[in-house]
Amino acid sequence: MLSNKYLNSLLGATMLLTAGVGSVYAQATVKVGLIVPMTGPQASTGKQIEAAVKLYMQQKGNTVAGKKIELIVKDDGAVPDNTRRVAQELIVNDKVSFIAGFGVTPAALAAAPLATQAKVPLVVMAAGTSMITESSPFVVRTSFTLPQSSVIIADWAIKNNIKKVVTMVSDYAPGIDALNSFKERFTGAGGAVVADLKVPLASPDFAPFLQRARDASPDAIFIFVPSGQGGTFMKQFTERGLDKAGIKVIGPGDVTDDDLLPNMGDAVLGTVTAHMYSANHNSAANKAFIAAFKKANNGLRPNFMAVGGYDGMHLIYEALNKTKGSTDGEALVNAMRGTAWESPRGPISIDPRTRDIIQNIYIRKVEKVGGELYNVEFATFANVKDPGKEGKK
Ligand code: PHB
């Protein structure tokens, strides 16, 4: 017979062991909370990002620095109140080591104070307003900023005899960012902006704005709409005959988003935009990415949001490699600073000072390639930093 004393100590040891195993398990799993709009008007962004993040994990495996990566996907419908609630749940209940995604600027801004408070890195994979990275020292971005491409298309317009422009932007932060950076550069170089039109973000009807733009007879309309709205804009633009009136469309490349471009119709041919990614980008890395993404997603063409998600996941993996698996938030953000790699979009890096992305911006023209509409890149501006932060400390 075993003595009670012996049994008790055996029981104690087993309990300790079980507790030990539990905590070792908890440490060995690193959770990533992906907050994206899977429903509502921005759903295409969520779908693209989720697909790209899952593809990355499938390609690279789900173990990094000895830790198992667990992805938790949450739909916020791009509604900031939802984003805040979901981020809180992920941080407090699920104990995630990263929050990532953020389909629109207001969603990223809603979660930023929680990232600061909990010292959890927040990886922006989609939203593009310049100041998001200044909203928390834990924000790091793999998407883009609107000024990055807006100032470059302003320079291109001036050089290509576009002198008179009407601006038309979605009436919220990234639209205002695009407008201000374009206008400053364009008018500074002698261009004239004859009207600034702001279109409501929710279920936009561009028709009345297009009429006003037409009445001003500009050389071009500078347009910013968030990913997902370009098809409607282009349809209404051509229905009202603005293309026939010789008015050009210029802007950041969100309007000729690769997700919608194949169905936009030939009226979009010749549209020139500046952006960080085209599915037609000519590199081995992009060709491999496109083939794998299409294969995993029923032939869906990846857009710039997918690339922001794919690279965001790479940055998370790299940060964990650099910290040797430590999930200390400050250490992870510091590990992300200065990280450089080849993305499907071309070479990119994280600015060590601002935590924002440095990337090539390409000027592209919509053309038919193999019978399909693509943004064909024809000029490259290398290693563009966010102009929105120039001169800031
Ligand atoms: C944003 O809300 O920051 C945003 C969303 C979609 C875009 C660009 C910017 O295409």
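For ligands, and for the atoms within them, numbers begin at 1 and follow the listed sequence. Treat the numbers as computed from the prediction; the structure is a model and nothing was measured. Both backbone and side-chain heavy atoms feed into the values below; hydrogens, waters and symmetry mates do not.
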Query raised in the report: Can Met305 be said to touch ligand 1, with heavy atoms closer than 4.0 Å?
Result: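 Yes; Met305 lies near enough to ligand 1 that a heavy-atom distance drops under 4.0 Å.
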Query raised in the report: How does Pro174 reach ligand 1, if at all, at less than 4.0 Å between non-hydrogen atoms: by side chain, backbone, both, or neither?
Result: side chain
For ligand 1, which atoms sit closer than 4.0 Å to a heavy atom of [X]?
| X | result |
| --- | --- |
| Gly128 | 1 (C), 3 (O), 9 (C) |
| Asp254 | 7 (C), 8 (C), 10 (O) |
| Gly103 | 5 (C) |
| Val104 | 1 (C), 2 (O) |
| Phe224 | 8 (C), 9 (C) |
| Phe144 | 8 (C) |
| Phe304 | 10 (O) |
| Ala127 | 1 (C), 3 (O) |

Query raised in the report: Would you say the side chains of Glu377 and Asn280 form a donor-acceptor pair under 3.5 Å?
Result: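 Their side chains do not contain a donor-acceptor pair, so the 3.5 Å distance test is not met.
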Query raised in the report: When you check the side-chain N and O atoms of Asn180 and Glu184, is any donor under 3.5 Å from an acceptor?
Result: no
So, are [X] and [Y] salt-bridged, with charged N and O less than 4.0 Å apart?
| X | Y | answer |
| --- | --- | --- |
| Lys368 | Glu372 | no |
| Glu89 | Arg85 | yes |
| Lys385 | Asp356 | no |
| Lys389 | Asp351 | no |

Report task. Going by the side-chain hydrogen bond (donor to acceptor under 3.5 Å, both in side chains) test, name the single residue among Thr145, Thr354, Asp386, Asp177 that passes it with Ser130. Result ->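 Among Thr145, Thr354, Asp386, Asp177, the one that satisfies the side-chain hydrogen bond (donor to acceptor under 3.5 Å, both in side chains) with Ser130 is Asp386.
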Query raised in the report: atom 3 (O) of ligand 1: which protein heavy atom is closest, and how many Å away?
Result: Thr105 OG1, 2.5 Å
Query - Nearest-neighbour protein heavy atom for atom 4 (C) of ligand 1, which is reported as residue plus atom name and distance - result: Tyr172 OH, 3.5 Å
Query raised in the report: Looking at Arg345, Lys294, Arg301, which one forms a salt bridge (Lys or Arg N to Asp or Glu O under 4.0 Å) with Asp258?
Result: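 Testing each of Arg345, Lys294, Arg301 against Asp258, the sole residue satisfying salt bridge (Lys or Arg N to Asp or Glu O under 4.0 Å) is Arg301.
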